[in-house]
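Residue numbers begin at 1 in each chain, while the letters A, B, ... track the order of the sequences.
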Amino acid sequence: MGMLSIYLKPNFLGLLKFLNSVNWCIVLFSLINLSECIYEDQIGKFDWRQTYVGRVKFAQFDTVSTAKKIIVATEENVLAALNLKTGQVMWRHVFESASTGNIQLLHVSEKLVTVSGSNPYLVRRWEPATGVLLWEWSLTLQNEEYAEFSEWWVQNGLLVHMLPIFGSHIEVSMYNLMTGQNRGSTSKLPAIWINEGCALSVPYYTCISGEAGSQQILSVDVTSNSVQIINKPLSDLVQTHEGILRSLDGNSIIPAFILNEKKLVIIKNNQFEVTKVALGDTLASVTIADGTGEPMVIQTWSDSSKGFHLKAHSIATGNDIPEIHCTENIVNIPDPEISGTMCTKSAKDQLVCRILVTAADDSLQLMQQEGKILWSREEALANVVAVEFVDLPVSDLDAAIESEFDQKEGSIWAAFSRRLHTQYQQLQALIQSLQRPEGTKEEDTSPLVRDYFNLHKIIVLVTDVGKIFGMDNLSGAILWKLYEPNLDTEGVVMFTRRSARHPPHDAYLTIVGKHEETSNGLIISLNPVRGTLVGERILHLDVQVMQCTILHQTDNEKLHALLLLDKYENVQVFPQFSAPLVENMFLYVAEKNTAKVQGYALTYDGKEVIAQKTWSINLGGDSNSRHRIVKVVAKSPSERVHSHGKVLGDRSVLYKYINPNLVLFVTEGPDPIHKDVVVATCVDAVSGVVAAAQAHRRARALPLAVHTDNSLAYVYYNDKHRRTEIATMELYEGKQRWLAAGAAFSSLASERAPGVERQAYILPAAPTAAASTDTERSLTDKHVLLALSTGAIVEMPWLYLEPRRPVTPSPEQREEGLVPYAPELPLPSEAVINYNRTLHRINSIYTAPSGLESTSLVLATGLDLFYTRVAPSKTFDLLKDDFDYYLITVVLAALILASYSTKYFASRKMLKLAWK
Amino acid sequence: MRRNFFPNLILIMSFNYSNYYICIDYDGWLNIKIEHSINCKSEKYCQRGNVSLKSIRAGTSVIEQIDFNQQHIDELKSLAELDGFYSIRTTVTSAENNKGTEFLSSMKAQAFLENGLSDVINAWVLPSGGVIAVSFQTTNNTQSIHHNGKAFKIYSNFYLRHIDQAPVPDTASYIQKLEREREAREKGEMKDNRSFLAKYWMYIVPFAIFVMISGATNPEPTAQATR
């Protein structure tokens with residue numbers, strides 16, 4: 001036996017060692033489980049996707065197919081079919097976002113033909129019902145110089161391309177639409193009278209030419225074989241000597257144009273004919289539609305006093321057609337533009353019209369003849385520039401309870417009476433809820449209130465055109481919208497200045513942008529729950545804003561003051577009486593193109609807030625180095641740090657360098673030896689001290705970076721290896737704490753530089769957006785969300801991006817759970833959070849914490865909007881979706897029953913025993 | 001003969017420094033002019049000192065700074081009372097950059113006084129030789145202001161910080177590791193050609209013992225099962 005144990009012992013140890021080495025395998029397997037994916041029945045349960053097409057450029061009704069639809073081509077280079085009844089996207093093709101995807105022509109008859117690109121052009125035919133591409137051929141122009149003025153249309157089965165060369169001639173080429181064969185040679189019509197102010201009204205090209213005072217109006221049918229120029233002195237048509245031409249909108253059926261924004265002139269039998277139709281407004285959008293029998297002029301415009309107008313006139317008589325008339329202020333459509341019309345006669349010989357209207361706010365409306373809107377699409381949402389998640393207010397009842405427990409002072413009797421009062425209220429609410437009939441839904445009347453887990457929020461979205469939306473995050477429904485035409489949204493920022501947690505005060509959100517014309521500051525303050533303007537409302541500053549922020553402290557109305565640093569380094573505080581609260585405030589201003597960064601300290605001197613420039617650095621080296629800042633990422637102001645250190649395998653603690661003021665700057669610039677260099681610099685924004693920096697040679701920066709806790713990651717393109725890589729950094733204080741536990745960190749009093757762990761990984765995809773998950777207390781793991789050009793959003797655990805991943809892990813490192821190094825990052829399909837719902841052109845991902853620690857809310861914006869929630873460490877604080885409440889109730893009840901019955905039987909047995 | 005001397009010297013120096021791994025493509029002199037905002041008569045900034053480096057690659061610096069007099073200290077004290085900043089403007093000139101780049105840095109006057117006028121100067125240098133930041137920070141110095149007759153001495157430490165080249169994805173060592181693992185596996189397979197019993201005796205013997213013991217202790221159960 002003794003011998004056996006001697007033999008066994010080393011082998012037993014070997015077994016243990018083997019098990020230990022298997023350890024990291026276990027870690028790996030557990031990692032595989034980390035990647036979240038959902039079950040089939042959970043599709044659409046926590047997430048929604050909204051598809052958009054962008055501002056409509058061309059639209060035509062497809063009346064030939066059985067399923068009636070509208071084919072649209074948009075400014076976003078999207079070709080799509082919209083359902084005529086609902087406005088939903090039936091099919092959609094997203095072309096390249098560059099000029100190669102630019103749609104030049106949309107033609108719908110039995111066939112759907114598009115011309116897209118810019119020299120070479122692609123002529124494509126699509127199946128209108130399914131959107132399948134049937135054929136395509138390409139077309140290259142010889143004369144590229146004037147290509148941007150070229151015009152396309154389809155006439156008699158031929159694709160016509162017209163290229164006006166101003167002051168010289170018109171080149172017209174015709175191609176067989178099916179084969180792409182050129183019908184003969186390109187014809188050149190001599191026309192020295194053409195200029196930039198000409199208008200095309202297919203097939204006529206009309207210009208005003210000549211000396212001032214004796215101007216002629218000339219027009220030519222560019223497609224006819226015999227060149228016949230229609231010529232008339234301008235004074236014959238209008239009294240003035242000046243002339244401005246404008247083409248009509250929305251696929252006019254008769255060649256016509258608008259002269260001097262007043263007169264509608266049609267070309268009939270090679271003659272100009274001024275119609276009797278009066279234009280309602282100088283900016284009216286006019287089209288000529290087939291009114292089944294006689295052509296009619298439909299025009300629409302909006303003015304500030306009466307709002308939207310829609311009118312139609314007979315072209316022959318100039319009489320008003322009363323069936324199409326809308327002057328009542330039922331809808332508000334800013335600067336409407338007719339994109340397409342379709343009129344038919346109904347069975348009762350009534351005129352039925354469908355008018356597609358695009359507004360200045362990019363919205364798309366389909367109207368009936370009386371101006372009744374059948375459906376509308378908010379295409380502004382295809383260009384979201386800023387997003388903020390806003391908490392909902394608590395219900396009145398909860399607010400009462402909260403205020404009850406808030407009040408600390410007061411006598412015991414006051415507290416007692418308050419208690420009685422609130423209980424009475426609760427009783428009332430209960431009775432009311434009981435009295436309410438079963439059928440009526442609560443949703444219709446109930447105000448938006450916070451749910452128990454704070455998962456229900458409002459998403460405020462600012463779009464490129466200046467339209468602001470409030471959206472319900474659970475359903476994606478638009479709750480309110482506000483259009484501000486003067487808002488230039490370049491670099492717009494949004495601040496939640498007061499959350500809804502402070503009843504009776506409402507939530508308060510401020511948007512700081514620029515004025516469209518003056519570039520001065522424009523501040524919009526609103527209530528994010530209802531969309532009504534509050535406080536400063538729409539405030540137009542008389543100076544350009546350089547930087548803005550909100551104060552940490554609140555005033556007595558729980559409002560964070562807004563601080564603006566203007567171009568002349570003056571500070572403005574809104575509201576003004578909050579100025580004395582400014583204390584220990586620091587700002588930084590980064591110039592994008594010169595890579596110069598400056599820091600300011602804001603102090604209150606008893607009268608006003610002054611900004612003192614305290615530091616300035618030049619990330620490019622010197623001012624003519626042509627370095628530019630590609631991305632600046634600071635930590636989220638609401639970020640919390642859960643743990644200050646990491647426990648290593650040898651049971652020591654590696655303390656994190658957690659500096660809330662740290663900002664990552666990613667710059668890019670030319671280099672004499674290495675072509676381009678990318679430099680990542682971590683700067684303390686308060687003291688201006690560089691904490692860490694690293695440089696990449698032969699690389700180009702991408703504007704994607706993540707900065708959270710002590711970890712940073714940014715994406716760059718490696719020119720040498722022609723691949724996208726992601727560099728990660730982690731900053732550590734070391735094994736010893738610099739400050740005592742709980743001591744406040746001060747940027748101005750720490751001169752030590754942190755240790756930096758760095759690593760780079762290959763990203764085998766092209767990312768378009770990056771963000772890190774955000775939870776309330778940061779207990780949950782951090783995952784990085786990467787949007788890829790393939791249309792997927794991948795959830796990448798930080799464990800993979802960790803710079804401390806060792807090539808050959810030591811036992812301690814294995815125990816710590818470090819994954820062995822692999823140069824390429826895995827992108828498993830299970831980690832795609834939008835499963836098979838492809839998202840086009842994602843440009844940003846926004847995350848927000850929810851009331852559940854495990855869950856982070858995610859909104860991806862781009863051409864589409866996609867909302868979901870992710871749980872990086874799984875839903876540890878939530879029961880599973882398919883949790884069997886019924887079973888557990890039955891089991892519990894059965895157990896209780898069983899315990900009582902056995903008790904009864906036991907006592908009976910005891911009794912029997914006692915009698916024996 | 002004299003002409004040959006210089007290239008030789010440079011050669012020797014570069015041999016010396018090739019031992020260090022400093023990723024800098026360019027070497028040259030660097031001069032940092034330091035100006036501060038206290039006790040200047042009419043201008044906003046006046047001379048505080050100068051840091052000069054013969055070679056960026058070597059990083060050895062010569063710091064010359066003025067001594068503070070009582071007026072300097074008084075002005076610093078009045079700044080400290082307001083919790084104000086003591087600002088330092090630096091102008092960096094090098095062989096490539098004759099015009100000079102200006103940087104600004106500030107310290108809390110209070111902290112500067114408390115730490116006996118000692119500070120740390122960090123200058124960050126790009127691989128191309130350009131300086132991106134010069135920052136001043138107070139150090140934790142317990143000694144009070146050193147009074148030397150009439151003058152007060154400033155204690156400055158200058159560090160030239162090179163921006164490192166970032167790591168690239170380490171494919172080579174990963175492939176090597178895979179190779180090694182593969183070789184180890186192949187070797188292991190070749191070596192381990194012992195018989196089945198020799199390999200797995202430690203599992204077989206306990207099992208056999210277990211069977212034997214269980215067979216020896218209760219031979220009856222089969223008989224009982226028939227009951």
Side-chain angles (χ1 to χ4, degrees), chain A residues 4 7-8 11-12 15 595 598-599 601 603 612-623 625 627 671-674 677-681 683 687-690 693-697 699 718 720-721 723 725 727 748-751 753 756 758-762 803 807-808 820-824, chain B residues 23 25-26 82-85 87 89 92 94 96-97 99-108 111 119-120 122-140 159 161-177 180-181 201-202 205-206 209:
Chain A
L4 191 72
Y7 276 114
L8 256 176
N11 279 296
F12 184 67
L15 192 74
Q598 295 177 329
T603 42
Q612 186 195 355
K613 198 195 277 181
T614 53
W615 57 269
S616 97
I617 58 175
N618 211 324
L619 294 171
D622 56 90
S623 47
S625 65
H627 274 249
D671 189 88
I673 307 164
H674 306 289
V677 286
V678 173
V679 184
T681 321
V683 180
S687 61
V689 170
V690 177
Q694 63 178 18
H696 300 263
R697 290 166 171 179
N718 190 330
K720 194 176 169 190
H721 296 287
R723 64 190 180 201
E725 293 176 358
L748 293 165
S750 68
E751 84 281 5
V756 188
R758 17 174 151 235
Q759 192 56 274
Y761 297 97
I762 301 166
V807 177
T808 38
Y821 181 77
E824 198 173 281
Chain B
C23 61
D25 312 320
Y26 160 83
L82 296 166
D83 196 25
F85 284 95
S87 304
R89 187 173 76 176
V92 178
S94 64
E96 297 237 312
N97 183 6
K99 263 200 298 181
T101 316
E102 265 186 18
F103 297 97
L104 189 70
S105 187
S106 298
M107 291 182 278
K108 282 263 171 174
D119 54 19
V120 182
N122 279 302
W124 285 79
V125 188
L126 279 173
S128 63
V131 175
I132 64 161
V134 181
S135 54
F136 286 72
Q137 288 169 285
T138 51
T139 47
N140 272 333
Y159 297 102
R161 307 283 300 270
H162 294 279
I163 293 176
D164 310 332
Q165 205 198 332
V168 287
D170 193 2
T171 36
S173 66
Y174 182 68
I175 291 166
Q176 271 174 15
K177 183 193 156 195
R180 265 203 312 277
E181 272 174 12
W201 66 268
M202 64 273 209
V205 168
I209 292 169

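- Within the 4.5 angstrom heavy-atom criterion, no atom of A/Ala749 approaches chain B.
- Contact tally against chain B (heavy-atom pairs below 4.5 Å) for A/Gln598, A/Lys720, A/Gln759, A/His627: the top residue is A/Gln759.
- Only the side chain of A/Ala753 comes within contact range of chain B, with heavy atoms under 4.5 Å apart.
- A salt bridge does not link A/Arg697 with A/Asp671: none of the charged nitrogens is closer than 4.0 Å to a carboxylate oxygen.
- The most heavy-atom pairs under 4.5 Å with chain A, out of B/Pro169, B/Gly130, B/Ser173, come from B/Pro169.
- Side-chain N or O atoms of B/Asp164 include none that pairs as donor or acceptor with a backbone N or O of B/Ala166 at under 3.5 Å.
- Interface residue A/Lys613: backbone and side-chain heavy atoms are both found under 4.5 Å from chain B.
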What side-chain donor-acceptor pairs closer than 3.5 Å can you find for residues 99-107 of chain B, not counting sequence neighbours?
| residue | atom | partner | partner atom | Å |
| --- | --- | --- | --- | --- |
| B/Thr101 | OG1 | B/Asn97 | ND2 | 2.7 |
| B/Ser105 | OG | B/Phe136 | N | 3.0 |
| B/Ser106 | OG | A/Thr614 | O | 2.6 |
| B/Ser106 | OG | B/Ser87 | OG | 3.2 |

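- Of the listed residues A/Leu619, A/Thr808, A/Val756, the one with more heavy-atom pairs under 4.5 angstrom with chain B than any other is A/Leu619.
- For the options A/Val690, A/Ile762, A/Val807, heavy-atom pairs under 4.5 Å to chain B are most numerous at A/Val690.
- Neither the backbone nor the side chain of A/Ser625 comes within contact range of chain B; no heavy atoms are under 4.5 Å apart.
- With a threshold of 4.5 angstrom between heavy atoms, B/Arg89 does not approach chain A through any atom at all.
- Looking at A/Tyr761, its side chain never comes within 3.5 Å of a backbone N or O of A/Ala822 through a donor-acceptor pair.
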